[in-house]
Undergrad: 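Can you keep this structure in mind? I'll have questions shortly.
The chains referred to below are lettered A, B, ... by the order of the sequence lines, with proteins before strands, and numbering in each begins at 1.
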There are 2 protein chains.
Amino acid sequence: MKNSIGRPRSFNEQEVLQKAMEYFWEHGYDRSSLSVLLNAMGIKKSSFYQTFQSKEHLFRLCLELYTKMGSEYLATLVDEKGEKGVLLYIVYSTMEELRHTGRAKGCLLMNSGSECYISHPHFNELIHYEFTVFQKLFRKLIDEAQKKGDIKNQTSSRVLGSIYQSLINGLVQMIQVGAQTEELEAVVKHIEDLLE
Amino acid sequence: MKNSIGRPRSFNEQEVLQKAMEYFWEHGYDRSSLSVLLNAMGIKKSSFYQTFQSKEHLFRLCLELYTKMGSEYLATLVDEKGEKGVLLYIVYSTMEELRHTGRAKGCLLMNSGSECYISHPHFNELIHYEFTVFQKLFRKLIDEAQKKGDIKNQTSSRVLGSIYQSLINGLVQMIQVGAQTEELEAVVKHIEDLLE
DNA sequence: TTATTTTAGTACCGATTGGTACAGAAAGGA
DNA sequence: TCCTTTCTGTACCAATCGGTACTAAAATAA
């Protein structure tokens with residue numbers, strides 16, 4: 001079925017897609033020019049257009065891949081860290097990233113939402129859909145943690161999830177605007193208290 | 001002193017700077033091309049370069065103007081609404097903007113922080129400085145409101161201010177990613193409770 | 001071998017980017 | 001009037017943007 005006639009493709013589509021996703025994640029849509037994307041992906045222009053059609057289509061695939069990889073990764077962490085542990089891990093790993101690299105990439109979906117919602121509104125629907133995937137995941141994690149008693153706060157998972165998402169994305173913004181460690185730690189502590 | 005020889009300038013520098021600032025606020029730095037800026041400002045290219053030197057210099061002036069106008073405006077609101085009232089007003093006006101226009105511009109400094117901190121790091125220092133102006137303002141508002149008893153929460157203004165800023169900017173991000181009204185209202189309610 | 005497909009590489013395309021240069025008209029003070 | 005400055009307007013610049021077209025080599029199945 002897959003073995004078609006002719007020279008076989010020498011690159012793995014998923015692998016180069018992931019490279020593109022990582023580049024978009026770090027630099028955003030508009031600042032990822034085709035030439036730098038091709039460098040990051042390690043393929044040539046003709047191969048790119050044959051496989052991915054356009055930059056816009058590539059970005060859509062990357063948004064989907066981000067959600068897929070991200071949610072699957074978090075799901076695997078539940079066994080190791082527990083539901084509440086995963087929610088806190090997201091916060092801690094953001095702070096860890098800041099400590100090691102001096103910055104924080106944040107969430108590709110939130111970043112893209114900010115970047116595109118006026119200048120590329122045709123992405124809005126997809127971005128929002130992918131966002132709801134994480135939203136549902138967080139709610140599930142909160143529900144489970146509440147059942148287990150790991151989270152005593154009995155606020156509904158919908159409300160708690162929204163506050164959690166606002167806080168964690170606000171935290172990333174504070175990092176990007178250069179807030180000091182003490183101020184960031186205050187936000188981290190508030191998230192911890194929220195999930196107490 | 002100001003009346004120099006020759007034809008006088010036919011536009012008010014502050015006025016056209018404000019027009020530029022509003023355009024940057026709505027569209028960001030990179031997506032504000034010189035040609036659209038000139039349209040928004042209502043001046044010609046030669047006048048622009050003579051007065052503002054470069055797009056980068058213009059942006060710096062706009063960041064400073066945003067802080068100046070914003071903090072002065074908030075200061076005038078204190079008499080009318082009180083310190084706590086001003087903090088809540090910022091939240092409510094964001095939701096009001098969403099209701100009327102279907103979107104939220106957010107804060108120019110936070111937006112610029114996200115946009116520029118990797119691709120235009122030479123703005124980072126200025127952005128952070130302007131950010132601290134608002135930070136200090138919010139702390140002062142919180143301190144006063146706590147003294148008056150309008151805010152019972154006795155958490156330090158530094159901590160409370162950081163959480164407040166994270167939440168309000170997270171709220172804007174949630175809007176930009178297309179979150180639903182109920183989820184946004186949950187965040188608004190959380191901010192109200194925080195300042196209770 | 002032959003047919004088929006992907007590869008790398010190059011040359012374009014029109015549009016746009018920030019920025020410079022220069023023209024000539026207009027408006028004021030000395 | 002004369003000098004100075006700003007005005008509008010046009011023409012340019014090199015660089016980059018996303019995208020298309022094409023060649024020729026390479027790799028595979030039939």
Undergrad: For A/Gln53 and D/dG19, what is the distance between atoms CD and P respectively, to the nearest whole Å?
TA: 11 Å
Undergrad: For A/Phe134 and A/Tyr66, take the angle between the two ring planes, folded into 0 to 90°, and tell me which bin it lands in: parallel under 30, tilted 30 to 60, perpendicular over 60.
TA: tilted
Undergrad: For nucleotides 6-15 of chain C, read 5' to 3', which letter fits each nucleotide if B means a protein heavy atom sits under 4.0 Å from the base, S means only the sugar-phosphate is that close, and - means neither?
TA: BBBB------
Undergrad: Return yes if some donor-acceptor pair links the side-chain N/O of A/His128 with the main-chain N/O of B/Gly178 below 3.5 Å, else return no.
TA: yes
Undergrad: Of A/Thr155, A/Ile151, A/Leu167, A/Leu87, which is the lone residue that meets side-chain contact (heavy atoms from CB on, under 4.5 Å) with A/Leu194?
TA: A/Leu167
Undergrad: Taking NZ, NE, NH1 and NH2 as the nitrogens, is one of them in B/Lys105 or B/Glu97 under 4.0 Å from a carboxylate oxygen of the other?
TA: yes
Undergrad: Apart from B/Val133 itself, which Ile, Leu, Val, Met, Phe, Trp or Tyr residues share its cluster (side-chain heavy atoms under 4.5 Å, direct or through members)?
TA: B/Tyr129
Undergrad: Can you see whether B/Glu83 engages B/Gln146 through a side-chain donor-acceptor pair at a distance of less than 3.5 angstrom?
TA: no
Undergrad: Rounding to a whole Å, what distance do you find between A/Lys55:NZ and D/dC17:P?
TA: 9 Å
Undergrad: How long is the line joining CG of A/Leu38 and P of D/dG19, in whole Å?
TA: 11 Å
Undergrad: Could you tell me the separation between the CD atom of B/Glu13 and the P atom of D/dC7, rounded to a whole number of Å?
TA: 11 Å
Undergrad: Expressed as a whole number of angstroms, how long is the span from B/Phe48:CZ to C/dT20:P?
TA: 10 Å
Undergrad: How many whole angstroms separate atom CG of A/Leu37 from atom P of D/dG18?
TA: 8 Å
Undergrad: Determine the interplanar angle of the A/Tyr29 and A/Phe59 rings, folded into 0 to 90°, and report it as parallel if under 30°, tilted if 30 to 60°, perpendicular if over 60°.
TA: tilted
Undergrad: Could you check how far CG of A/Leu34 sits from P of D/dG18, rounded to whole Å?
TA: 5 Å
Undergrad: Compare side-chain N and O positions of A/Ser35 against OP1 and OP2 of D/dT16 and report whether any pair is under 4.0 Å apart.
TA: no
Undergrad: Mind running a 4.0 Å heavy-atom check of residues 26-33 of chain B against DNA chain C and sending the residues that fall below it, in number order?
TA: B/Ser32, B/Ser33
Undergrad: Taking A/Glu26 first and then A/Arg103, would you say they form a salt bridge - that is, a charged N and a carboxylate O separated by under 4.0 Å?
TA: yes
Undergrad: Other residues, nucleotides and ligands only: do more than 12 of their heavy atoms fall within 6.0 Å of CD on A/Glu182?
TA: yes
Undergrad: Rounded to whole angstroms, how far apart are CZ on A/Phe52 and P on D/dG19?
TA: 14 Å
